[in-house]
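Report on the structure given below.
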Amino acid sequence: MKPSSFLRTGLFAAVLLAPAAFARHPAAAQAATGSPAMAARVKTEFLHAWTNYRRYAWGHDELRPLSRTPHDWYGTSLLMTPVDALDTLVLMGLKKEADEDRELIAARLDFDQDIYVKNFEITIRLLGGLLSGYQLTGDERLLRKAEDLGNRLLPAFDSPTGLPYVFVNLKTGKTRGVESNPAETGTLLLEFGTLSKLTGKPVYYDKAKRALVETYKRTSKIGLVGVGLNVETGKWIDTDASVSGGIDSYYEYLWKCWRLFGDPDCKAMWDASIPAVNRYLADEVDGRLWYGHADMDTGARKATEYGALDAFFPAVLALSGDVGRAARLQDSSMRMWNLHGIEPEVLDYRTLKIPYAGYELRPEIVESTYYLLHYTHDPRYLAMGRALFRDFVKHDRAANGYAALKSVVTMEKRDAMESFALAETFKYYYLLFAPQALDFDAVTFNTEAHPLRRTWAAEAVPR
Ligand code: DMJ
């Protein structure tokens, strides 16, 4: 395997991305080649976040950027930021920093710890990060860590239904947490499946796929899933349906497991699910398209709320071929962002009131901008990216890193810099302005923006 053959650089990229048609449409050509000046700015700002993590929290999970103190999720470090940020460092061409990061991971990342970890978060951030880091660098040590982690997470799936428990102890394999949701039970297959393909051991794929299928099997008669289910009884405990937190990436993985693995069951589950999402969750208000909440059994509207997390949905719509809805929904996401100059966690799109005003440095709106630019070559998405990044720097840059906001109304900062800011937010900004850095069509991003590449023989070729 050539580890980094899906990286694109320099002239080669320009040739690949500049077909003759672009010569007749200079704006489209510019969209396809991004903006080197903006990419350089993003890299500088990413380095501001990374070097402050390096200075004040090296070896810990995360930096608290206001107090300049480290934070570990479970009292002991699992190197959340170093693992989550590794492929961003590689894609930005920051070789010295990436090499140093890899050595830290190789020397210090130890999963043999008596702690209960959240299966979903550890899978998307660490398993995903290790696998993409391995594919980008060819460093076998990362694959071995991923396999060790995968083995330690497997007991999570040992419930009567096959739906994973929320927490698993990395040392003992004991489990906890029976109340889960589709995002947590159904957003595992890209990572576990890739681990199977790279190690030749089917167990990971099989367990994660069963969890996804068991989630799907609980779809209501009208085709929706709720936001809470018990992994032991398999019964719903909360029937609120949406594309928001708790459900979001379940839909994302239905399409993406088809895209990455060519698994026809995934395509069939997506095809059977998306019509109900578009029928019951989509909502037209004053000519704008939103996706709100409805009861999974009746389809009755329960809330007209949309937020920072929902803003991933244009990306998935575009990826699955529905660029029309994707573009309209992205315009609504921008409306949400522009109300205060940064998007809130949740907006009531009918009243324009804000039930949750925080901003966690989330990436979804940028992710969708990147996907839409890729599929449309419309330069308005470059302009959108410029505006988003301008606001992001203005309000979230702190003296020692990037900080979440307590409120997008007051713009008061919060002492937190989640690892996904480095794994996702900065990465999507960078790729938007430097699309030639990665061959979009050769990879499938996991929900934490870790690009995974099908290096194995495909059983079927989607799209
Ligand atoms: C990330 O951990 C992932 O993108 C997840 O799917 C949703 N939440 C955060 C980013 O907002």
Side-chain angles (χ1 to χ4, degrees), residues 49 61-62 71 73 78-88 117-132 164 166 180-192 208 211-212 215 225 227 242-257 260 291 306-316 319 333 336-337 342-347 356 358-371 388 392 396 402-405 408 414 416-429 431 444-452:
D61 281 338
E62 287 171 358
H71 168 62
W73 287 26
L78 291 174
L79 300 185
M80 303 297 290
T81 295
V83 176
D84 231 2
L86 175 60
D87 54 17
T88 309
V117 301
K118 201 162 196 192
N119 183 45
F120 163 74
E121 295 289 356
I122 296 303
T123 297
I124 65 169
R125 300 191 200 211
L126 295 188
L127 192 52
L130 289 168
L131 290 168
S132 72
V166 179
S180 193
N181 59 59
E184 296 191 6
T185 59
T187 312
L188 306 162
L189 183 50
L190 260 62
E191 301 80 1
F192 278 87
L212 181 62
T215 308
V225 295
V227 74
S242 71
V243 295
S244 195
I247 298 179
D248 44 12
S249 45
Y250 159 71
Y251 288 118
E252 180 183 344
Y253 274 32
L254 288 180
W255 182 262
K256 287 185 174 177
C257 74
L260 181 61
Y291 281 69
Y306 181 91
L309 285 166
D310 305 63
F312 84 102
F313 204 53
V316 174
L319 189 68
S333 296
M336 169 173 72
W337 181 279
I342 293 275
E343 66 190 356
E345 184 74 358
V346 180
L347 167 75
Y356 301 103
Y359 175 62
E360 301 299 323
L361 305 173
R362 291 201 190 280
E364 287 79 3
I365 193 169
V366 195
E367 173 185 9
S368 290
T369 313
Y370 168 55
Y371 276 60
L388 290 169
F392 176 70
D396 293 289
Y402 268 74
L405 299 177
V408 299
R414 203 166 72 73
M417 185 173 81
E418 284 261 12
S419 65
F420 58 66
L422 291 92
E424 296 193 72
T425 313
F426 280 105
K427 183 187 289 145
Y428 286 131
Y429 275 125
L431 292 176
T444 299
F445 291 94
N446 87 334
T447 196
E448 189 77 2
H450 297 305
L452 299 171

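Start at 1 and go down the list; that is how both ligands and their atoms are numbered. Positions are given from 1 along the sequence.
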Side-chain heavy atoms of Glu448 within contact of Ser419, under 4.5 Å: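 In short, these two side chains touch, coming nearer than 4.5 Å.
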
Side chain proximity check, Ser244 to Tyr291, heavy atoms < 4.5 angstrom: no

Identity and distance of the protein heavy atom lying nearest atom 10 (C) of ligand 1: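 The protein heavy atom lying closest is Glu364 OE2, 3.2 Å.
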
For atom 9 (C) of ligand 1, the protein heavy atom that lies nearest, with its residue and separation: Phe420 CD2, 3.7 Å

What part of Ala449, side chain, backbone, both or neither, has a heavy atom within less than 4.0 angstrom of ligand 1?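 Ala449 to ligand 1: no contact under 4.0 Å from either part.
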
Would you kindly specify which portion of Glu424 sits under 4.0 Å from ligand 1, judged on non-hydrogen atoms: side chain, backbone, both or neither?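 Side chain only; the backbone of Glu424 stays clear of ligand 1.
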
Tell me the nearest of Thr187, Thr447, Asp84 to atom 6 (O) of ligand 1, using heavy-atom distances.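 Closest candidate by heavy-atom distance is Thr447.
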
What atoms of ligand 1 come within less than 4.0 Å of a heavy atom belonging to Ile124?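 Counting atoms of ligand 1 from 1, those under 4.0 Å from Ile124 are 2 (O).
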
So if I count the atoms of ligand 1 from 1 in the order they appear, which ones are less than 4.0 Å from some heavy atom of Leu309? 7 (C), 8 (N), 11 (O)

Taking the inter-plane angle between the rings of Tyr428 and Tyr370 on a 0 to 90° scale, is it parallel (under 30°), tilted (30 to 60°) or perpendicular (over 60°)? tilted

Ligand 1 N/O within reach of Glu121 N/O, cut-off under 3.5 Å: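 The answer is no, given that Glu121 and ligand 1 share no N or O pair closer than 3.5 Å.
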
Looking only at distances, can you tell me whether any N or O atom of Glu448, backbone or side chain, sits closer than 3.5 Å to an N or O atom of ligand 1? yes

Residue pair Arg362, Glu345: steps toward the salt bridge (charged side-chain N to carboxylate O under 4.0 Å, His left out) verdict: CA-CA 9 Å; Arg362 291 201 190 280; Glu345 184 74 358; 2.9 Å; yes

Please confirm whether Tyr251 and Phe312 have ring centers closer than 6.0 angstrom.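 Not close enough - the centres of the two rings lie 6.0 Å or further apart.
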
What distance separates Leu388 CG from Tyr429 OH, expressed to the nearest 0.5 Å? 4.5 Å

Please name the pair of heavy atoms, one in Leu126 and one in Leu79, separated by the smallest distance, quoted to 0.1 Å.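 Answer, listing the atom of Leu126 first, then Leu79: CD2-O, 4.1 Å.
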
